[in-house]
Amino acid sequence: MGRFYLTTPIYYVNDAPHVGHAYCTVNADALARWHRLSGDSTKFLTGTDEHGQKVADAAVKNGVDPQTWTDQTSRRFREAWDALDISYDDFIRTTEPRHTETVQKFLTAIYENGYLYKDVYSGLYCVSCEDYFTLEASDEGQCPIHHRPLTEMSEENWFFRLSAFEDRLLEYYEEHPGFVTPETKRNEAVSFVKGGLRDISITRTSIDWGIPVPWDPGHVFYVWYDALINYLTAIGYGRDDDQVEEWWPASHHLIGKEIIRFHCVWWPAMCMAAGLDPVSHVQVHGWLLVGGQKLSKTMAAEGGVRLTDIAPVVLTDEFGVDPLRYYLVRETALGNDGEFSHEGITARYNTDLANNLGNLVARVSTVVGAKCDAQSLIPGRDTELRTEAERAIDLARRAWERFAPSQALEATWGLIGATNAYLERHAPWKMESGKELDAVMADALESIRLVSILISPVMPSVAQEIWRRLTLEGSPTDSPQDESLVWGLYRARGPLSKGEPLFPRIRSDE
RNA sequence: GGGGCCGUAGCUCAGUGGUCAGAGCAGGGGACUCAUAAUCCCUGGGUCGUGGGUUCGAUCCCCACCGGCCCUACCA
């Protein structure tokens with residue numbers, strides 16, 4: 001039994017929660033649930049990022065103060081996650097006092113270690129981006145994104161000596177080959193460091209919606225610099241050091257590929273500067289694409305897919321919570337991009353859920369209910385399905401351990417398929433009632449019991465419902481998986497009945 | 001401009017320096033009838049983006065190009 005500390009990024013409150021956020025959060029939730037099921041002491045953290053100029057502006061526009069504004073917008077994320085059955089242990093907001101305290105302690109440590117210095121930051125500013133570019137980063141003096149002329153501006157800032165960490169970061173990568181997975185993403189981070197690091201400006205004087213710099217009033221920390229530290233806030237850095245000892249650095253961040261730089265370069269350097277070991281593992285995931293394009297507000301503005309059409313709640317209304325969770329976890333391997341489409345989710349629903357899993361439960365329930373004696377339903381010791389089950393369990397366990405939840409599901413569906421095939425071979429519907437029939441069906445029931453445990457991190461409600469239909473007591477997650485994912489434990493507590501279809505087929509004939 | 005990723009069957013995606021390159025779905029044929037017209041078995045189909053190079057041999061390594069995309073100081 002180990003410890004498992006897993007985080008999602010904290011989401012920027014100005015966004016409305018959409019499928020992209022849900023993709024990351026649901027996958028993280030499944031991982032957290034698997035580790036709880038494995039008996040690990042688990043802490044699963046998500047939250048919202050609430051500082052910065054854009055938030056302050058949005059508050060003004062809506063006629064409220066920033067805190068009131070973020071209270072409202074942060075709540076949308078919490079509601080979305082509750083609706084998706086996300087089992088977060090902590091929901092952090094960067095406007096909480098505990099975060100201010102940790103950020104100030106952490107950055108003071110960096111300051112005292114000599115990695116911060118004050119300088120005038122002058123650069124080329126793009127009004128549209130609200131951001132600075134260096135001459136090299138610009139397109140011959142034009143904004144590379146908006147293709148508009150950049151204007152020269154300057155501001156006095158505190159700088160973080162990121163450039164001092166090139167060698168140490170490369171060394172860290174060298175010594176911790178599993179620091180960033182998958183490997184292609186690790187290579188990206190390494191080549192970025194090898195390309196040379198500049199110091200970064202980490203404070204602003206032009207805005208005040210942020211965390212004050214304790215040793216220099218009038219400055220607030222730049223949002224990204226404050227946001228990353230949330231991972232430490234939640235485990236009590238600077239407030240409860242024993243807790244930090246427990247959870248850090250053996251921790252995992254699940255992030256999207258666009259923020260590799262912050263998590264795999266800035267963040268470990270910040271930790272080193274503060275005298276703390278960097279997080280041990282960053283798992284990078286790709287994006288869900290719609291028609292080959294990233295899910296973004298820009299697309300909505302351009303008349304592409306409207307984000308509101310693919311808000312999580314729209315999909316849960318149509319498909320249900322667990323089927324959406326299944327799709328988000330199953331469809332693409334973490335680390336790769338994947339295509340998101342209505343046709344795709346419908347196909348997954350009908351084939352994997354309705355035809356394979358739902359129908360299996362239905363056909364077994366019917367035969368058992370009609371022809372079997374509950375008391376003699378005891379799985380065989382050495383039977384063909386046992387081999388299949390043990391193989392699937394082994395594959396699934398290893399997949400979860402390497403952050404490959406989609407493969408864990410793939411292995412599980414291998415067992416579902418094997419069970420359907422097994423039924424075809426034995427054709428229990430042709431058999432007379434008796435011991436032989438009971439033996440065949442007990443193996444099928446045992447297989448379904450194991451499936452319900454295997455799917456529980458992804459479809460907790462469905463797993464519970466299957467468990468109930470099998471007449472089992474409690475829930476599939478009551479025992480650690482190394483005790484429950486063992487062939488032969490099924491015992492019926494009474495007669496089985498068929499029940500309504502778990503996943504009514506979806507017709508798309510209009 | 002600089003850095004990086006991707007381009008494999010109709011579709012969505014796996015995959016490896018070397019026996020006939022894989023899965024699911026879709027398509028075709030058959031079986032079965034317990035089941036949500038579900039299930040099971042068999043099956044067709046790919047110049048592994050293009051052009052070079054390294055190699056005894058490359059889809060997988062290197063280079064160029066074409067196409068798609070990302071990062072370049074606050075969109076998972």
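The structure presented is a predicted model; accordingly, all values stated were derived computationally and were not measured. So you know, we letter chains A, B, ... as the sequences are listed, proteins then strands, and number each from 1.
The gap from the P atom of U39(B) to that of U47(B) amounts to 31 Å, rounded to the nearest Å. Comparing A73(B) with G68(B), their C1' atoms sit 26 Å apart, to the nearest whole Å. Straight-line distance between the P atoms of G46(B) and C5(B): roughly 31 Å, to the nearest whole Å. When the C1' atom is compared between G44(B) and G30(B), the two are found 15 Å apart, to the nearest whole Å. If you take atom P in U8(B) and the same atom in C48(B), they sit 11 Å apart, rounded to whole Å. Across A31(B) and U19(B), the matching C1' atoms stand 34 Å from one another, rounded to whole Å. If you take atom C1' in G45(B) and the same atom in C34(B), they sit 34 Å apart, rounded to whole Å. Spacing of C1' atoms, C70(B) relative to U59(B), comes out at 24 Å, to the nearest Å.
The residue S341(A) sits apart from the nucleic acid: no heavy atom pair falls under 4.0 Å. Residue contacts for P428(A): at a heavy-atom cut-off of 4.0 Å it reaches no nucleic acid atom on any strand shown. Heavy atoms of F192(A) sit nowhere under 4.0 angstrom from any nucleic acid atom. Residue contacts for E331(A): at a heavy-atom cut-off of 4.0 Å it reaches the sugar-phosphate backbone alone, with no base atom in range. Contacts of D226(A) with the nucleic acid, taken as non-hydrogen atoms under 4.0 Å apart, are absent.
Between Y327(A) and F340(A), the ring planes lie perpendicular to each other; the angle is over 60°, past the 30° to 60° tilted range.
Checking G46(B) for Watson-Crick or G-U wobble geometry (two distances, each under 3.5 Å) identifies no partner in any strand. Across all strands shown, A35(B) forms no Watson-Crick or G-U wobble pair with both distances under 3.5 Å. Under the Watson-Crick or G-U wobble criterion, with both distances below 3.5 Å, G7(B) is paired with C66(B). Look at G1(B): its Watson-Crick or wobble partner, with both distances under 3.5 angstrom, is U72(B). Of all nucleotides present, none satisfies the Watson-Crick or G-U wobble test against U59(B) with each distance under 3.5 Å.
For the pair R78(A) and Y88(A), the tightest heavy-atom approach, listed with the atom from each and the gap, is CG-OH, 3.1 Å. Nearest heavy atoms, D322(A) versus S461(A): OD2-N, 2.9 Å. Closest approach of T8(A) to Y231(A), counting heavy atoms only: O-CE2, 3.5 Å.
Surrounding CG of D208(A) are at most 12 heavy atoms belonging to other residues, nucleotides or ligands under 6.0 Å away. Within 6.0 Å of CD on E436(A) lie no more than 12 heavy atoms contributed by other residues, nucleotides or ligands. In the displayed structure, R402(A) atom CZ is contacted under 6.0 Å by more than 12 heavy atoms of other residues, nucleotides or ligands.
Between D337(A) and H21(A), the residue whose closest nucleotide on RNA chain B is further toward the 5' end is D337(A). Comparing I202(A) and L423(A), the nucleotide of RNA chain B nearest to each residue sits closer to the 5' end for L423(A).
Residue K430(A) places at least one side-chain N or O under 4.0 Å from the OP1 or OP2 atom of U33(B).
Regarding E410(A), its CD atom lies at a distance of 8 Å from the C1' atom of A14(B), rounded to whole Å. Rounded to an integer number of Å, the gap from NZ of K257(A) to P of C71(B) is 9 Å. In this entry the distance linking NZ of K371(A) with C1' of C34(B) reads 8 Å, nearest Å. Atom pair W413(A):CH2 and A14(B):C1' shows a separation of 19 Å (rounding to whole Å applied). Residue K194(A) contributes atom NZ, which lies 24 Å from atom P of C71(B) at whole-angstrom precision. Here the P atom of nucleotide A76(B) and the CG atom of L45(A) are 15 Å apart, to the nearest Å. Atom pair I200(A):CD1 and A73(B):P shows a separation of 12 Å (rounding to whole Å applied). The separation between W287(A) atom CH2 and G68(B) atom P is 17 Å, rounded to whole Å.
The pair E388(A)-R391(A) meets the salt-bridge criterion, since a charged nitrogen lies less than 4.0 angstrom from a carboxylate oxygen.
Legend: residues meeting salt bridge (Lys or Arg N to Asp or Glu O under 4.0 Å) with R93(A), ordered by chain and number and at least two apart, are E50(A), D71(A).
The side chain of K54(A) lies closest to C75(B), out of C32(B), C75(B), C13(B). In this structure, the nucleotide among G4(B), C71(B), A76(B) sitting nearest to the side chain of E188(A) is G4(B). Of the candidates A73(B), A76(B), G4(B), A73(B) carries the atom nearest the Y222(A) side chain, counting heavy atoms from C-beta on.
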So which protein nitrogen or oxygen atoms get under 3.5 Å of nucleotides 36-40 of chain B's nitrogens or oxygens?
residue: U36(B); atom: OP1; partner: K498(A); partner atom: NZ; Å: 2.2
residue: U36(B); atom: O2; partner: F503(A); partner atom: O; Å: 3.1
residue: U36(B); atom: O2; partner: R505(A); partner atom: N; Å: 3.3
residue: U36(B); atom: N3; partner: F503(A); partner atom: O; Å: 2.8
residue: U36(B); atom: O4; partner: G358(A); partner atom: O; Å: 3.4
residue: U36(B); atom: O4; partner: L502(A); partner atom: N; Å: 3.2
residue: U36(B); atom: O4; partner: F503(A); partner atom: N; Å: 3.2
residue: A38(B); atom: OP1; partner: R505(A); partner atom: NE; Å: 3.4
residue: A38(B); atom: OP1; partner: R505(A); partner atom: NH2; Å: 3.2
residue: A38(B); atom: O5'; partner: R505(A); partner atom: NH1; Å: 3.4
residue: A38(B); atom: O2'; partner: N355(A); partner atom: O; Å: 3.2
residue: A38(B); atom: O2'; partner: N359(A); partner atom: ND2; Å: 2.9
residue: U39(B); atom: OP1; partner: N356(A); partner atom: OD1; Å: 3.2
residue: U39(B); atom: O2'; partner: R363(A); partner atom: NH1; Å: 3.0
residue: U39(B); atom: O2'; partner: E424(A); partner atom: OE2; Å: 3.0
residue: U39(B); atom: O2; partner: E424(A); partner atom: OE2; Å: 3.1

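Just one of I455(A), L395(A), D352(A) meets the side chain to side chain contact (heavy atoms under 4.5 Å, CB included) condition when paired with T412(A); it is I455(A).
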